[in-house]
Amino acid sequence: MLTSNLQEYVPQFTGYTELRMQENRNLSIGFLKGNNTRNVKSTTSGISARVYQHGAWGFASSPDFTSESFRLVIASAGHNAQFLAKKANLGKPQLPVNSGAGSNSFATTKPRLKQRQLIDFIKQLDSYIGDKYPDLSSRSVSLNCLDMEKSLLTSDGSEAYSLIPRTIIAVSLTMDSEGKPLDLYDVFGGLGQFEDVFDNPEVLYGRIDSLYEHIRAKQSGVYASAGVKECILDPELAGILAHEAIGHTTEADLVLGGSIAANYLNKEVASPLVTLIDFANTAMGQTCPVPVYIDDEGTEADDAYIIDQGVLKGYMHNKESANHFKVAPTGNGRAYQFSDEPLIRMRNTAIMPGQSKLAAMISSVEDGYYLIRPNNGQADTTSEFMFGVVLGYEIKSGKLGRGIKDTTISGVAFDMLKTITMISDDMQWSAAGMCGKKQPIPTGMGGPAIKCRVNIGGR
Amino acid sequence: MTEREILQYTLQKLEAAGAQAAHCSLLRSTKQEMNVEAGQMSLIRTVFSTNLHLMAIKEQRKGTYTINKLDLASIDKGILEVIEIAESSEPDSANGIADFQAPQKFTVGDTEPDLDGMYERLNAFLETVKERYPSIMLENVYLDFTHYNSFFMNSNGVDFTTSKGMYHFSAMFAGKEGEKSSSFNYSGFATKELDKALIEGGSLDLLLQQSCEQVNTQSFAGKFTGDVIVTPDCLGDFIGTFLDISIRDGALIAGTSVYKERIGKQIADSQLTVHSKPIADEIIDGYFLTSDGYKASNSTIIDKGVLTTFLLSLYGANKTGLDRAVNSGGCYVIEPGNSELAEIVRNVDRGILLARYSGGYPSQDGDFSGVAKNSYYIENGEIKYPITETMIAGNIAEMLLNVRDISRERISFGNAIVPWICFSGVTISGK
């Protein structure tokens, strides 16, 4: 457990100071077509200090845990803040005091498995695919585990400890299609260390079989017909829409940097069916995939209500942006490594469930698509978005039809959200991805299925 | 212990623990970074980093472990850990380490930053943007100087040392007038010295100017097959990404590469020559070693359209029976063409100037589709207007064969030198 008496360094603080100890532990195992191509572990730990003086931030970090290193890091951060404050004369106000305290660990209480046992688990999945589906031209199975363990002390009274682990297994299948490779992936897992997330590889066989059925449908599938179509977006796509197209535009630093969302506060930006929240740690009574209780600025994390029944109600904040907008900080200040400064990041961003049944939603589409799995997504500060779609089906006369080849959907989110006419009454989270914004960071994305009109790329 | 003594100690301990082959690298770096947020200087960072990377092969089983502590207890624990990881792996006769090469030290750049100079250059950039492009909003901008000493040794006697100091500049921005915004855009570059204004580096001045224009965009209706002039900032999304997908270990070991039997064959138009030049003078921010510990050399990947090499690591080469690449790719230098960019535009009947691509990762066969961002509609040889909600789709392998023209002008980003390339036969869809 990563703990230290950080209080002993308080006398060295000069002005507002955050002092953080952090260790990230990564484990990665990969099999490619039966070959154990990757078996890698890393442990990265260290300390950092961030100091705020007269509107200027100074930051410093070191991998060493010695008392001398603590003193050096605190002094360097202070020196950096002074250097900038003196040169830039920013004249910003003091930060709001918003302290939190707590200890939250999701470490398993079960005995930890040996590396060989993890290899055997992944190898069994690989062998299952290789034996059962010899018509595949290639396959890969990988395991990626990340533990983020942090201790934080701030000069305004916050003190927090957390250990937030994530365990993900990714399976990718490749099949020849007209002489060209065609692939499809799925990911399993989420919050927790391996022993709490996976038990028996056989439990995943059904989902692998389902993945194989989907790639077969894709192999004999067609290219989507380009244009604006009525579509059902499965929860995975609704989640990435919530994250990429709305979430990023409503991060307060991007709002200050020119995001279109700056113009829309308290205005209708979506169908009244749409409520979108960035959950701090708990949603509908369940722990979210990436729970944040105290953020890396020491703020007790609160849910950020972004869209309430179609109306844009707020942004995601750190202390400084909350000061600017004269609201309470939401606890969105997060850093990936010990050597990273906290940035405004999402936590668990989701569209809230509605009242429709997925089957009824599909039945209601005369000519459109049921789009299931993204492979990536991007959006910009105008809320124009693009998602790659690697799994989907035609809908003809209310029934699912042929599979479709890889395609892309795009649009302007604040326009597209107004076209939503149905939202399913269920909810799924995904937490496999890393969000990139100067630093990578794990985030949760969630949602129900939504029915909307969206531009789909053809060929 | 010195860094080299730490590596010698680690290698001896690994061999004593049963490793038949091993390599270790140690990196110590210091980064000084100045940040701008929402147009104002906001933060200065100082990051001290250490990284000790251990790789051991025991009975053909490979394990890798990385730590960032150099005290003896941590190193000893790391040695036990990497041996356990290796013992847990499946045996693979393709695992190996670099052959002996003569020890060498590589040096580039300064060892200390000019902090006052950094501040002045960054501040001048902010002032110039404000004055020259008042509608630009700078979202996130940073200038850093990173210096590292790295050491690489293996049990075959390889012993390399690198000392490198480099400035990196990156800016993300958008145009904004009233309630209208452009899409964000970004660019950056690496430089050994702060010898010129930051706005003059890479393609920044051009992109800032374009972002002002792109506050007012238009969409067009319908779909057509036309020409796409891909800008230097955007070209990596096509050529670099597709090379990563198709000629590196993964696709060649899996046998799924569309180029798996195409060495010596025409895979692109004869106008296209792509080099990877990590140690060329013209590449400021290159590298000296491959990840396996071989001294890197420059190479030509596509020579007048002919594929001349894959980018296989030692493992990939052993696994496939093909040749190991002489570098790790990247640092791409694309040969210029004979036409001015303006002339290339004049020859386009209908198409777009693609300045940023927001798209799905291309599939293994090269199919892609995505949104044309920060781009312009071209008709009858003239750039007409900035566009919005425009999608493009095609196949990168086919695009490489359909190069219509390559510009004489190129942009140097410090780690790549790239022209504008016009590809024909791309599907372009309006709203």
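In the text below, chain A, chain B and the rest are named by the order of the sequence lines, each starting its count at 1.
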Q: Check whether A/Thr44 gets within reach of chain B through its side chain, its backbone, both or neither, counting any heavy atom under 4.5 Å.
A: both

Q: Taking all heavy atoms of B/Ala254 and all of A/Leu32, pick out the closest pair and write down the distance.
A: CB-CD1, 4.1 Å

Q) For the residue pair B/Tyr315 and A/Thr37, what are the closest heavy atoms and their distance? A) OH-CG2, 3.6 Å

Q: Apply side chain to side chain contact (heavy atoms under 4.5 Å, CB included) to A/Asp253 and B/Glu37, showing your working.
A: CA-CA 8 Å; A/Asp253 53 342; B/Glu37 198 174 289; 3.7 Å; yes

Q: Can you see which heavy atom on B/Val47 is nearest to which on A/Ser339, and at what distance?
A: CG1-CB, 3.7 Å

**Q.** Exam field: side chain B/Glu139 to backbone A/Gly258, donor-acceptor pair closer than 3.5 Å
**A.** no

**Q.** Best-contacting candidate, B/Ser181, B/Gly255, B/Gly359, against chain A by heavy atom pairs under 4.5 angstrom
**A.** B/Gly359

Q) Where do A/Ile260 and B/Glu179 come nearest, in terms of heavy atoms and distance? A) CD1-O, 3.6 Å

Q. Going by distance alone, is a donor N or O of one side chain under 3.5 Å from an acceptor N or O of the other, for B/Gln364 and A/Asp183?
A. yes

**Q.** Donor-acceptor pair between B/Asp367 and A/Tyr223 side chains, under 3.5 angstrom
**A.** yes

Q) Which bit of A/Phe385 is near chain B, if near means a heavy-atom gap under 4.5 Å: side chain, backbone, both or neither? A) backbone

Q: Check each atom of A/Leu118 against the heavy atoms of chain B and say whether the ones under 4.5 Å are side chain, backbone, both or neither.
A: neither

(Q) Is A/Ala85 close to chain B through its backbone or its side chain, or both, or neither, when contacts mean heavy atoms under 4.5 Å? (A) neither

**Q.** Side-chain donor/acceptor of A/Thr408 to backbone N/O of B/Ser369, under 3.5 Å
**A.** yes

Q) What part of A/Asp340 lies closer than 4.5 angstrom to a heavy atom of chain B: side chain, backbone, both or neither? A) both

**Q.** Residues B/Ser88 and A/Gln115: side-chain donor-acceptor under 3.5 angstrom
**A.** no

Q: Under 4.5 Å heavy-atom distance to chain A, tell me which part of B/Lys31 shows up: side chain, backbone, both or neither.
A: neither

Q: Check whether any side-chain N or O of B/Arg45 sits under 3.5 Å from a backbone N or O of A/Asn80 as a donor-acceptor pair, and report yes or no.
A: no

Q: Could you look at B/Arg356 and say if it's the side chain, the backbone, both or neither that has a heavy atom under 4.5 Å from chain A?
A: side chain

Q) If we only count heavy atoms from C-beta on, is the A/Thr407 to B/Met391 side-chain gap below 4.5 Å? A) no

Q.
If I measure from the heavy atoms of chain B, does A/Phe338 come under 4.5 Å with its side chain, its backbone, both, or neither?
A. side chain

Q.
Please check if the number of heavy atoms outside B/His168 that lie under 6.0 Å from its NE2 is greater than 12.
A. yes

Q. Heavy-atom distance under 4.5 Å between the side chains of A/Lys92 and B/Gln40, does that happen here?
A. yes

Q | Which of B/Ser74, B/Ser183, B/Ala174 touches chain A most, by non-hydrogen pairs under 4.5 Å | A | B/Ser183

(Q) On a heavy-atom basis, which atom in B/Met137 and which in A/Gly257 lie closest, and how many Å separate them? (A) CB-O, 3.5 Å

**Q.** Residue part contacting chain A, namely of B/Tyr357, when any heavy atom lies under 4.5 Å
**A.** backbone

Q) So what's closer than 4.5 Å to chain A heavy atoms on B/Tyr119: side chain, backbone, both or neither? A) side chain

Q. Non-hydrogen atoms of chain B under 4.5 Å away: do they reach the side chain of A/Leu256, the backbone, both or neither?
A. both

Q) Side chain, backbone, both or neither: which part of A/Ser259 has an atom under 4.5 Å from a heavy atom of chain B? A) backbone

Q) Can you tell me if B/Asp365 uses its side chain to pair, donor with acceptor, with the backbone of A/Lys180 under 3.5 Å? A) no

**Q.** Contact origin within A/Leu254 toward chain B - heavy atom pairs under 4.5 Å
**A.** side chain

Q: Report the option among B/Leu70, B/Asn35, B/Thr30, B/Leu138 that has the most heavy-atom pairs separated by less than 4.5 Å from atoms of chain A.
A: B/Asn35

Q: Tell me, for A/Lys437 versus chain B, whether the close heavy atoms (under 4.5 Å) come from the side chain, the backbone, both or neither.
A: neither

Q | Heavy-atom pairs under 4.5 Å with chain A, option from B/Lys180, B/Lys373, B/Lys319 with the top count | A | B/Lys373

Q | Contact origin within A/Val228 toward chain B - heavy atom pairs under 4.5 Å | A | neither

Q. Can a salt bridge be assigned to the pair A/Lys438 and B/Glu33 using a cut-off of 4.0 Å between side-chain N and carboxylate O?
A. yes

Q: Could you tell me whether the side chain of A/Asn39 and the main chain of B/Ile85 form a donor-acceptor pair under 3.5 Å?
A: yes

Q: Over all heavy atoms of both residues, which pair between B/Phe48 and A/Ser76 is shortest? Give the atoms and the distance, please.
A: CE1-OG, 4.5 Å

